[in-house]
Amino acid sequence: MTLLELATVGTDALEGVEAITTGTGADGLLAGRREDTRERRLLLAAGCDAVLTRAASPAARAPALPPPAPPETKPVLPDRVASALLAMLDSDTRDLLPAVLPRLATSGHIVPPAALRPLLRRVPEALRPVLRPILGSRARWLAERGASWRWLLDGEDGPVALAPLLASFEVAASAERPRLLGQIRALDAKAGRDALRACWTSEAVEGRLALVPALHDALSLADEALLVQITDKDRSKRVKEAARRLLAQIPGSSFALERLEEVVAGVTLVPRARPKMSIVKQIFGRSAALPPTLEVSLGQQAMLTLLELVPPSALAARWTMTPAEVLLGVQDDDEALLVGLSLGVLLHRESAWTLPLLDRWARMPQTAIGRDQRGRDLISRVLEMLPPAARAARIIERMPNHAATDWWPMLATWDALWTEDLGQHWLTLIAAHLEVVDAGASEATSAALTWRSSLGPAAARLPESQLRAASRLAVASDEISPRWFRALSEFQTRITLRLSIEEALIAMSALPPFEEPHD
Amino acid sequence: MIPSRPQVEQIAPDAASLKAAGKVSSAAKWKDVGQGEAALWGVCRGSREYQVRVDLRDMAAKCSCPSRKFPCKHALGLMLLAEASPPVVSPPPRWASDWLQGRRQKAEKKAEAAPPEPLTAEARAAAEDKRERGRQRRLAQREQRVTDGVRGLELWLSDLMRAGLSELDSAPARFFSDRAQALGDAQAPGLRRRVAEIGELPGSGPDWPQRVLDRLGQLALLADAWGREQSLPEPLRTDLRTAVGFPQRKDTAIAQGERVEDSWVVAGQQVEDLELTYSERTWLLGQDSGRRALIVRHARGPTGFGPVLLPGTVFTAVLAFYPSALPLRATFVEREDAMRPALTLPSATLGEGVDPFLGEAAAGYAALPWVGLLPCGLRDVVPLRKGSGWWVRDQAGLGLRLTGPQWTLLAVSGGAPVDLFGEWDGDRLRPLAVAGEHGLRRLDLAAL
């Protein structure tokens, strides 16, 4: 028996005397300990064997060397930049990365190798495209070594083949399947349709609900039959609704044409000096070509559903009117109609309607908008469709002074860097507000709450040229409230992190010095 | 030298302080910030104003805030601020220069301190005799307790061998913790720690019975050696006593230990929570002597070990090595305060390959069989991953297995040869620092 076998079963379980030897030079030492008990000799033999094993192990032959990483073609960022970048991976500063990573990408530099692992592990998936340019060939070499960040190699081995995608789609986890279906659709729309049809009956409701929107890419009349089948036969109301929304986006589909006719029949244009529209209530009765579950009492919701499905441009074309003329016909008390048209603009991404629609919303009585959160959200979503400069101008209009507060929902959804104008306006007004704070104004007003709420996003979205000015924002008073103190401290921490990267980039002449705005 | 962000992280007493420091590290929070001869200063503006000074020679700091943490968030914040945008060089204000001057004067006085008034020879002999008798009495008492504890340990080990190891993975946790506690009560903390560590092994992997048997065997060797302690030659006897848990006296090392003056690179550091205290283990590599020295310091908190030893820096010092059959542990006799960034691992501390290193390790185990970790410096080795295993390969194609995963090491190397320093446990190498094309990097943290 080996020492390990002896020790495992225990000496009590052994019959007779077992020889205790190591088969090494240690046996000579143990020979002088014959008076010891078996247990003691076993332990001493194990101890000697352990020491000998450690001391006398021959060198092992190492596995073959992999090919070395190709040389980098880009210069490496200084450690201090990498250090600041890694500090931003913390949860409370991670939202700075969307501003910083593209900036670093423009520098033409890459991160030092020692920073690769934490960046690859912890940068959120949505930011991978902007992380990629600063990774260099070393990161790709690492990914080839079998790391869990093989995503880095996606698309670098030439075009993705359809067959492996279809094979992956069959066995992939639920969360991965919509993305794979989108890739299949991009390569071959019919193959994507067939793959969806093949798995349809085995998918749970949530799976079907996630897969239907993947048809949006390369959507065409060829998809109509499948989508009609889904709207007719699927057991889930939510899945049917998702399919309907896609059908409505296929120009010339029977579904889209029927919805247009329903709206045209249901929304009458009364010719007058000033165009006026009104809803013909009767279309929402049981006899109308609407889902039989609808009741007259649900008329308003049915109208909203219908108007969302019809492109507003199709309506305007039918009436031979411009978007502005159509919107002029919306009465001040027809907020629901305006909501419906807005939903249509959003679903069909009709950018020509955004400005007239926002103008019309601006003319609506404030009480109508104020009592309906849905209206406020819609305005923000429509605003997102505008180009940045026009969007900023609209928001600035809503910021006449530091006491105004209704601009914040519109700004809160801005997920890229602010424009220079918007950043400067925000800086000017918050400086004015901080003066009021300095003078002892209440911290519990809605204006104070709005400005404090805007500090976090501002640190992540202010343009680089305004970071230095932002770093000077402070309250001089010793009597500053804890809330303001905390909010400003966090703001300054975040600005300092961004500024440290900016200054390092400028110092290494990777970027031209930014110009400070004139006060 | 203004510390880098990772170095500030190292100095910070805890994560909360570091986070708070980040909040006071923006320029808007500071006024009168400046730097001068190895010092930083500034006034932090918050609900009150605090005067903050940092002596960059040893990262000592003073702040007028009431914080009991050291260094406080304001001092850390000032270092972060200076790291992000180095302040202009200027003459220090009075409140900073007074403190700096005071520190420097104190250091000079300490260096020049006159020896105490000599006692008469008789009085000195009497005092010494009394002290020695007391010390011998306490020592004898402790040795007896340790002997009793070792006897109990041997009985426990024998019982374990009789019953076998097969069901050890389902034994209650107190099976090991009770024995460890008994050894702690017997004032044998070294043996206590070894038993507690063995208690972590059962069920921890497919080869746990072999690892447990190895460790139990080595424990039995130690216990056996204690029975023959008086007959062991010096310094092996001292090593045995240290392994059992008798403290090594710093003044003995300074008085009797070998002294080595050199420029020392801080190559790796670990802070371990020992329940009531914290232990800091720092490897220093001598640039000229090629010596490897382990500085072990203890503190009641995760900081407070004394002057900061920043990994990745180099400084000049005279070290005294504790007497040992394998002298690795050392203490400071003199130390220059100024620290400079280290760019490479000292060439003299690096071996030429795996085979010579294993020969050196074998000599180390022969000299001191119960040594735990050995320093390992290798020149021009290539880290690689094969399956789930991690290796370094030398120029001759021989390799050492690494504790894995080692992605940062692989990233720094990029498949090219690098110089590596780490700790060898007899089976695997734990990398602590690597020197490659981008300079010296520590690997004991997820930091740069």
Side-chain angles (χ1 to χ4, degrees), chain A residues 3-4 7-13 37 39-40 42-44 46-51 54-57 59-63 65-69 76 79-80 82-83 86-87 112-118 138 141-142 145-147 471-474 478 480 485 489-490 492-493 495-496 500 503, chain B residues 4-6 22-29 46-48 83-85 154 157-158 161-166 209-210 213-221 224 354-355 358 361-362 365-366 369 382 384-386 391-393 397-399 407-408 410-412 414-416 426-427 438 441 446 448:
Chain A
L3 292 178
L4 180 61
T8 303
V9 298
T11 54
D12 270 355
T37 61
E39 292 75 30
R40 196 171 166 86
L42 176 56
L43 282 161
L44 293 176
C48 289
D49 197 43
V51 174
R54 284 208 299 177
S57 294
R61 179 73 33 197
L65 285 176
V76 175
D79 279 357
R80 59 185 295 197
S83 203
L86 295 186
L116 286 175
R117 180 174 176 257
R138 184 69 57 92
W141 179 84
L142 266 188
R145 308 272 80 75
S471 73
R472 291 193 286 265
L473 280 181
D478 288 345
I480 182 173
F485 182 74
S489 295
E490 283 169 9
Q492 291 298 353
T493 302
I495 288 289
T496 302
S500 67
E503 287 176 345
Chain B
S4 65
R5 188 180 176 89
K23 293 179 180 175
V24 296
S25 65
S26 64
K29 292 232 166 297
S47 50
R48 290 186 182 171
E83 196 263 342
S85 50
E154 286 180 318
L157 286 169
S158 292
M161 287 299 104
R162 263 192 288 279
L165 305 178
S166 57
Q210 182 65 61
L213 181 61
D214 287 352
R215 304 287 284 272
L216 290 174
Q218 289 172 64
L219 195 58
L221 288 182
D224 189 71
V354 169
D355 211 30
L358 288 179
Y365 292 126
V382 181
L384 58 98
R385 183 188 191 211
K386 181 74 177 174
W391 293 77
V392 281
R393 179 185 159 121
L398 300 176
W407 285 108
T408 298
L410 196 63
V412 169
D427 182 40
H438 297 292
R441 302 283 178 186
L448 277 178

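In this text, all values refer to a predicted model and were calculated from it rather than measured experimentally. Sequence lines set the chain letters: A, B, ... in the order given, protein chains first and strands last, and positions in each chain run from 1.
- The distance from atom CG of D49(A) to atom CG of L213(B), rounded to the nearest 0.5 Å, is 8.0 Å.
- In terms of heavy-atom proximity, T496(A) sits nearest to S26(B) at OG1-CB, 2.9 Å.
- Distance check: L142(A) CG to R385(B) CZ gives 10.5 Å after rounding to the nearest 0.5 Å.
- At least one donor-acceptor pair under 3.5 Å links the side chain of R138(A) to the backbone N or O of A411(B).
- Residue contact with chain B, scored on non-hydrogen atoms closer than 4.5 Å, is absent for I495(A).
- Between the side chain of T493(A) and the backbone N or O of G22(B), at least one donor-acceptor pair lies under 3.5 Å.
- Contact count against chain B (heavy-atom pairs under 4.5 Å) is highest for L43(A) among L43(A), L44(A), L3(A).
- With a threshold of 4.5 angstrom between heavy atoms, L4(A) approaches chain B through its backbone and through its side chain.
- The minimum heavy-atom distance linking G415(B) with P68(A) is given by the pair O-CB, 3.9 Å.
- In terms of heavy-atom proximity, V354(B) sits nearest to A59(A) at CG1-CB, 3.9 Å.
- Looking at D224(B), the atoms closer than 4.5 Å to chain A (heavy atoms on both sides) sit in the backbone and in the side chain alike.
- Counting only heavy atoms from C-beta outward, the side chains of L221(B) and C48(A) approach each other to under 4.5 Å.
- No side-chain donor-acceptor contact under 3.5 Å links R117(A) to the backbone of L410(B).
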Would Q210(B) and T8(A) satisfy side chain to side chain contact (heavy atoms under 4.5 Å, CB included), going step by step from the backbone distance to the final call? CA-CA 9 Å; Q210(B) 182 65 61; T8(A) 303; over 6 Å; no
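- In terms of non-hydrogen atom pairs under 4.5 Å with chain B, the most contact-rich of G10(A), A62(A), S471(A), G47(A) is A62(A).
- In this structure, no portion of S4(B) lies under 4.5 Å from any heavy atom of chain A.
- A56(A) does not touch chain B: none of its heavy atoms, backbone or side chain, sits under 4.5 Å away.
- Here CZ of R80(A) is found 7.5 Å from OG of S85(B). Values are rounded to the nearest 0.5 Å.
- Across R162(B), R393(B), R215(B), the residue that shares the most heavy-atom pairs under 4.5 angstrom with chain A is R162(B).
- By the 4.5 Å heavy-atom criterion applied to side chains, H438(B) and P113(A) are counted as neighbours.
- Counting heavy-atom pairs closer than 4.5 Å to chain B, the top-ranked of the candidates L42(A), T37(A), L65(A) is L65(A).
- In this structure, CZ in R40(A) is found 4.0 Å from CD in E154(B), a value given to the nearest 0.5 Å.
- For a residue to count as touching a neighbouring chain, one of its non-hydrogen atoms must lie under 4.5 Å from one of that chain's; by this rule L157(B) touches chain A with backbone and side chain alike.
- Contact annotation for A361(B): neither backbone nor side-chain heavy atoms come within less than 4.5 Å of a heavy atom of chain A.
- Chain A forms more heavy-atom pairs under 4.5 Å with one residue of A362(B), G426(B), G397(B) than with any other, namely G397(B).
- Both the backbone and the side chain of R61(A) come within less than 4.5 Å of a heavy atom in chain B.
- Distance CD/E39(A) to OG/S158(B): 5.5 Å, rounded to 0.5 Å.
- Chosen from A60(A), A69(A), P67(A), the residue pairing most often with chain B at heavy-atom distances under 4.5 Å is A60(A).
- With a 4.5 angstrom heavy-atom cutoff, P66(A) touches chain B only via side-chain atoms.
- Smallest separation of non-hydrogen atoms from K29(B) and S489(A): CE-OG, 3.4 Å.
- Comparing L219(B), V24(B), L358(B), D355(B) by heavy-atom pairs within less than 4.5 Å of chain A, the highest count is held by L358(B).
- At least one side-chain heavy atom of L384(B) sits under 4.5 Å from a side-chain heavy atom of P63(A).
- Of the two parts of L116(A), only the side chain, counted from C-beta on, holds a non-hydrogen atom closer than 4.5 Å to a non-hydrogen atom of chain B.
- Using a 4.5 Å cut-off between heavy atoms, E83(B) touches chain A through backbone and side chain atoms alike.
- Under a 3.5 Å cut-off, the side chain of R54(A) and the backbone N or O of P369(B) do form a donor-acceptor pair.
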